[in-house]
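One structure is given here, and the rest of the page talks about it.
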Amino acid sequence: MVAATGNADTSVGQDELVEAVDRALNAHGRALLTGPAGAGKTEVVRAVAAAAATRRETVLRLAPEAADQWIPEASAAALLATVPGAALERLSGPQRTAIALLCREADAPRAGRDHVALRLAVLEVLRTLADRHPVLLVLDNAQWLDAESTDLLRFALRLTPPRVRVLVAECVQGGAPVGESLCGAGTPAIRVPPLGADEIAELLVRHGLPARLAGRIHQASGGNPRLALALGHSLAEAAGARDGGAHHADTLPVSGQAREVARRLLAEAPAQARRTLLLAALAARPTTALLRRAGRPDAEAELAEAERAALVRVAEDGSVEFTAGALPTALAADAGWPERSAGHAALAEAVDDPVQAVRHRALAVDTPDQWLAAEITEAAAVCRRRGQRALAAELGLLAAERTPSHLAGEELARLVTAAEDAGWAGRADLARRATRAVLARDASPASRVRARLAVIDAAGQALGALDETFACAMADAAGDPSLEAAVQLRIAWKHNLSDGDPVRSRDAAARAGALAALGGDQVAEAMALTVRARMGRILGDPGAEAILAEALALPAPEVPLGMRNAPQYLAVRHALFDDRLDDARRQLMVLLPAVQRTGSAEDVFEVLRSLTEVELRSGRCTAASSRARQALELTIEAGLSPGPAWYVAAMAEANGGSFARAAGYARRGIQASYEEHDQVFLSRSLHALGLVELATGEAAKAVATLRRVAELEAAQKVVDPSILRWHGELAEALVAADAPEEAARLLDSVRTVARGLGRTGVVAALDRARGLCLSAQGEADAAVQLLEATAQRFETLRLPLERGRTLLALARVERRRRRRAPARVALLAAAEVFERAGATPWTELAREPAAGEGGRPEAAAAALTEAETRLALLVSQGASNQEAAAKLFLSVKTVEARLTRIYQKLDVRSRAQLATALATALRATR
């Protein structure tokens, strides 16, 4: 058999594909698997073959390479060489001779061979194998079968018995497909779809690559697993070579293996089509009409060929989009300068946007030109006014490159402005490039500071790797109060985000504010006050609102460093924390169009994040999910740090989608936050995961996860419990894990702080946990009374999801004291609340059988606590004490002590009696 080479493990997201192939094989005996090179067909084939082997089927696998297509009968020989010798014993003499000649075991001229005997021999071999066991014949890379082998297999497969099933995998791009001719007309064809951004993230993590790059790599790879891994390795290597593991990667390097994979994909298009594709790659917004005007009269037909090769998508309006962002990069990189220059010159005459015309004219030449540089600078200013800051940065760099050497001052000014545009747009690659050019020139300290601050602003959440940049900026800013204020302000952000130290952040902001006032910079002063107010809220400072009011009083209509750093936005966050949700939503709907006009992706994301949170707490889960999707799409498109977007998606899914998807998003958010040293969103993603674990009955895991949140917040000196409301959830998890005393201590300490700060919604959430705690401690009447009052309080506060969760807790308590009717009433009320809010996973919990415990059968043993019922179920199902301890994250000694209490409560003396008692209790609840 000819082995396939160069296949990385790209098996992420393919369970459904494997199932689809199995269904097709079971129903039809034949299946075709298609998709572009690197899509992961080989991994699907391997999985299907492995499953067949475990069923004791005979698996014959053939995977030719590209060179084999030119060697007559090479693939047929490779296939027959793998057949067990016993299968050849029944062959007639001529048939054995034919196979021996094919496999080069005997010499004879090819023209003298008995091809009829060979065909019959192959057929007979397959029939013999099928007589003993079912056979799965797998033909991978079928596009590389030689013509003679194709004819031979086509004949044999037409006559094979039903016990011979056939799976053909091939790249159907530019050439003629062979799969249907082998398997017959009507064979089910299953196309391997591109991976989604989430699946790309999982793929990267499996291969030890940073998950935070997932969005950008998904865009560049188009979801092609092989190209994604090649890009990920190239990017990681480039980052490591540059600065030992940079926080934010530069433009994706389509080089080395990534370039080769892209070339292989592009090679499927004919040469004429590739010329048209190059023009499309050079254009900012390619359309068929533009390409025709630029000198490609057959653009439609050539693009149709490229579309069949899965390289582009052509919309009804003629707009052209590459299926993978790396393809236009590879096309441009592989083209020579004369070809690129001619392409840009043609496009300069064809485009109807003056900005793009200037850009193409600039790219068509490589010599300095004073007047062209001025035109490009004006075009960059137009982009800035449009909110297209990334394009403004690109044009600014281009203008600097076209500036003659005798205009060094103009060149430097253009570089600094380009750096600032890149910082605003979050384009770390462009910011670094411009800043390197500034630092290589005789720049003033002010210019150096402005350029370095742009690199910091482009870093997103990952400020932890920029200590040297901060230090150099501070040194250059010495003596200039306004510049020092700007640097100190960013140091304040870093102390909070990366260091998790709100005290140092507050102090740095105070220094920034004093310096800004000294320098007369009211905008910086307002932002410094905003940081102080934000940190004050975290630290439980009653004066935080007064500081925010002071910031709001300063005139700062246009905030150069982003709306997310403005006092107006912090006022929205405070309204959210205080459960003034209508106020928060109203202000956010004013801010959203404003930030969309500025062109700052991070600002738009922040507003979408807050809108998601407001909608969730208001009980509008469908609207929240829509906002979360927008935030995630924006993050991927703009290449922002993904941790915050994954956290937002996790919370939207946990309330309005799927607990399983929520856990996946939360874990990815945790991973990305670790990679970027983002302490703020690390806590948030852990909280989202803990919430899901609690809701799905994994109390021990929820305790472990939420304790990590508690540790992080303690290290960060967080006092105000209204910002991230994990306290009640940890207490609920502790109760479920049979630690009500610890839960009571936590609730008492947090309740004192929450009441002192006037956090009414937090107190109500603590009371829900307190009700469960009272129930576990045997005070059922007090628990019911408290939970009923708490549900009413949440209704008054207009927090429907919190009310629904409280009704679920009430049903659980009523069920435990065997009051089925009140439990059923509470459950029906909870289901109604959740359904009205669109809280799908919670609705399912409230409606599942074994009411009161979200459908979990352990609820049946009402005499037991939740932790005890989980242990009892495990033991009754055969788990040893050691196995149960490992699964429940307990010590063996704790398991033994808890098991003793269970035996006493149920009046049983053995594991067999325990199993019987549980089964009886389960039947009683149905």
Q) Shortest non-hydrogen contact from S505 to A492? A) OG-O, 2.7 Å
Q.
With heavy-atom distances below 4.5 Å as the criterion, would you say the side chains of L277 and L303 are in contact?
A. yes
Q.
Walk me through whether T323 and R313 qualify under side chain to side chain contact (heavy atoms under 4.5 Å, CB included).
A. CA-CA 7 Å; T323 54; R313 289 182 288 268; 3.5 Å; yes
Q: Please examine the side chains of R490 and L453, heavy atoms only from C-beta on, and report whether any two atoms are closer than 4.5 Å.
A: yes
(Q) So does D421 get a backbone contact from the side chain of R384, meaning a donor-acceptor N/O pair under 3.5 Å? (A) no
Q. Mind checking what makes ring-ring contact (aromatic ring centres under 6.0 Å, His included) contact with Y569, not counting sequence neighbours?
A. none
Q: State whether the number of non-hydrogen atoms from other residues, nucleotides or ligands found under 6.0 Å of D317 atom CG is greater than 12.
A: yes
Q: Would you mind reporting whether V365 and R402 have side-chain heavy atoms less than 4.5 Å apart?
A: yes
Q) Partners of E420 by side chain to side chain donor-acceptor pair (under 3.5 Å), sequence neighbours excluded? A) R450
Q) Do the non-hydrogen side-chain atoms of V355 and R386 ever get within less than 4.5 Å of each other? A) yes
Q. Between CG of L398 and OG1 of T377, what distance do you get to the nearest 0.5 Å?
A. 9.5 Å
(Q) So that I can tick it off, tell me whether E633 and R629 are bridged by a salt bridge, with the cut-off set at under 4.0 angstrom between side-chain N and carboxylate O. (A) no
Q: Could you list the residues that satisfy ring-ring contact (aromatic ring centres under 6.0 Å, His included) with H218, not counting sequence neighbours?
A: none
Q) Between A516 and E525, which heavy-atom pair has the shortest distance, and what is it? A) CB-N, 3.5 Å
When the side chains of residues 283-292 are checked against the rest of the protein, which donor-acceptor pairs come out under 3.5 Å, sequence neighbours left out?
residue, atom, partner, partner atom, Å
R285, NH2, D353, OD2, 3.2
T287, OG1, L290, N, 3.0
R292, NH1, E300, OE1, 3.4
R292, NH1, E300, OE2, 2.1

Q. Should we say atom CD of E349 is surrounded by more than 12 heavy atoms from elsewhere, each under 6.0 Å from it?
A. no
**Q.** Test item: E307 side-chain N/O and V314 main-chain N/O as donor-acceptor pair under 3.5 Å
**A.** yes
Q.
If I compare all heavy atoms of S447 with all of V438, which pair ends up nearest, and what's the gap?
A. O-CG1, 4.0 Å
Q) Which residues pass the side chain to side chain donor-acceptor pair (under 3.5 Å) test with E339, sequence neighbours left out? A) none
(Q) Please report the interatomic distance CG(L347) to NE2(H360), rounded to the nearest 0.5 Å. (A) 4.5 Å
Q. Considering only heavy atoms from C-beta outward, does the side chain of E606 approach that of R609 to under 4.5 Å?
A. yes
Q.
Between S341 and A364 (side chain of the first, backbone of the second, donor and acceptor by atom type, cut-off under 3.5 Å), is there such a pair?
A. yes
Q.
Quick check: do N565 and T530 have side-chain heavy atoms less than 4.5 Å from each other?
A. no
Q: Test R452 against every option in T469, D476, T435, D457 by the side-chain hydrogen bond (donor to acceptor under 3.5 Å, both in side chains) rule and name the one that passes.
A: D476
**Q.** Heavy-atom pair with the smallest gap, counting every atom of A645 and L632
**A.** CB-CD1, 3.8 Å
Q) Does the distance from a Lys or Arg side-chain N to an Asp or Glu carboxylate O, for E410 and R441, drop under 4.0 Å? A) no
Q. Looking at R414 and E411, does any basic side-chain N land under 4.0 Å from a carboxylate oxygen?
A. no
Q) Any side-chain heavy atom of H344 sitting closer than 4.5 Å to one from R361? A) no
Q) For the side chain of D298 and the backbone of A301, is there at least one donor-acceptor N/O pair under 3.5 Å apart? A) no
Q) Is F470 close to L466 at the side-chain level, that is, under 4.5 Å between some pair of heavy atoms? A) yes
**Q.** Distance in Å, L529 CG paired with Q522 CD, rounded so as to fall on 0.5 Å steps
**A.** 11.0 Å
Q: Could you walk me through whether S221 and I200 pass the side chain to side chain contact (heavy atoms under 4.5 Å, CB included) test, one step at a time?
A: CA-CA 9 Å; S221 67; I200 291 291; 4.2 Å; yes
Q: Determine, step by step, whether L331 and F322 satisfy the side chain to side chain contact (heavy atoms under 4.5 Å, CB included) criterion, reporting the C-alpha distance in whole Å, the side-chain angles of both residues, the deciding distance to 0.1 Å, and the verdict.
A: CA-CA 11 Å; L331 277 164; F322 282 89; 3.7 Å; yes
**Q.** Residue pair L278, R296: steps toward the side chain to side chain contact (heavy atoms under 4.5 Å, CB included) verdict
**A.** CA-CA 11 Å; L278 174 61; R296 304 301 301 174; over 6 Å; no
(Q) Looking at W371, I want to see if its CH2 is surrounded by more than 12 non-hydrogen atoms of other residues, nucleotides or ligands under 6.0 Å. (A) no
Q | From L203 atom CG to R226 atom CZ, the distance as rounded to the nearest 0.5 Å | A | 12.0 Å
(Q) Is a donor from one side chain sitting under 3.5 angstrom from an acceptor on the other, for R216 and Q219? (A) no
Q.
For the backbone of G643 and the side chain of S673, can you confirm whether one donor and one acceptor N or O come within less than 3.5 Å of each other?
A. no
Q | Rounded distance (nearest 0.5 Å) linking atom CG of L209 with atom CG of L229 | A | 7.0 Å
Q | Lys/Arg-Asp/Glu bridge criterion (N-O < 4.0 Å) met for E401, R433 | A | yes
Q.
Minimum heavy-atom separation for A37 and N224, please, with both atom names.
A. O-ND2, 2.7 Å
Q: Any chance you could measure Q257, atom CD, to L227, atom CG, to the nearest 0.5 Å?
A: 9.5 Å
Q: Salt-bridge test for R275 and E302: reply yes if a basic N is under 4.0 Å from a carboxylate O, no otherwise.
A: no
Q.
Holding to ring-ring contact (aromatic ring centres under 6.0 Å, His included), I want the full list of residues that pass it with H677, two or more places apart in sequence or in another chain.
A. none
Q) Judged by atom type as modelled, is there a donor-acceptor pair below 3.5 Å linking the side chain of R274 to the main-chain atoms of A269? A) yes
Q) Short question: side chain of R340, backbone of A332 - any donor-acceptor pair under 3.5 Å? A) yes
Q.
So which atom in A431 and which in G423 form the shortest heavy-atom distance, rounded to 0.1 Å?
A. CB-N, 4.4 Å
Q: Please report the C-alpha distance between E484 and R511 in whole Å, then the side-chain angles of each, then the deciding distance to 0.1 Å, and finally whether the salt bridge (charged side-chain N to carboxylate O under 4.0 Å, His left out) criterion is met.
A: CA-CA 9 Å; E484 287 186 274; R511 290 192 293 274; over 6 Å; no
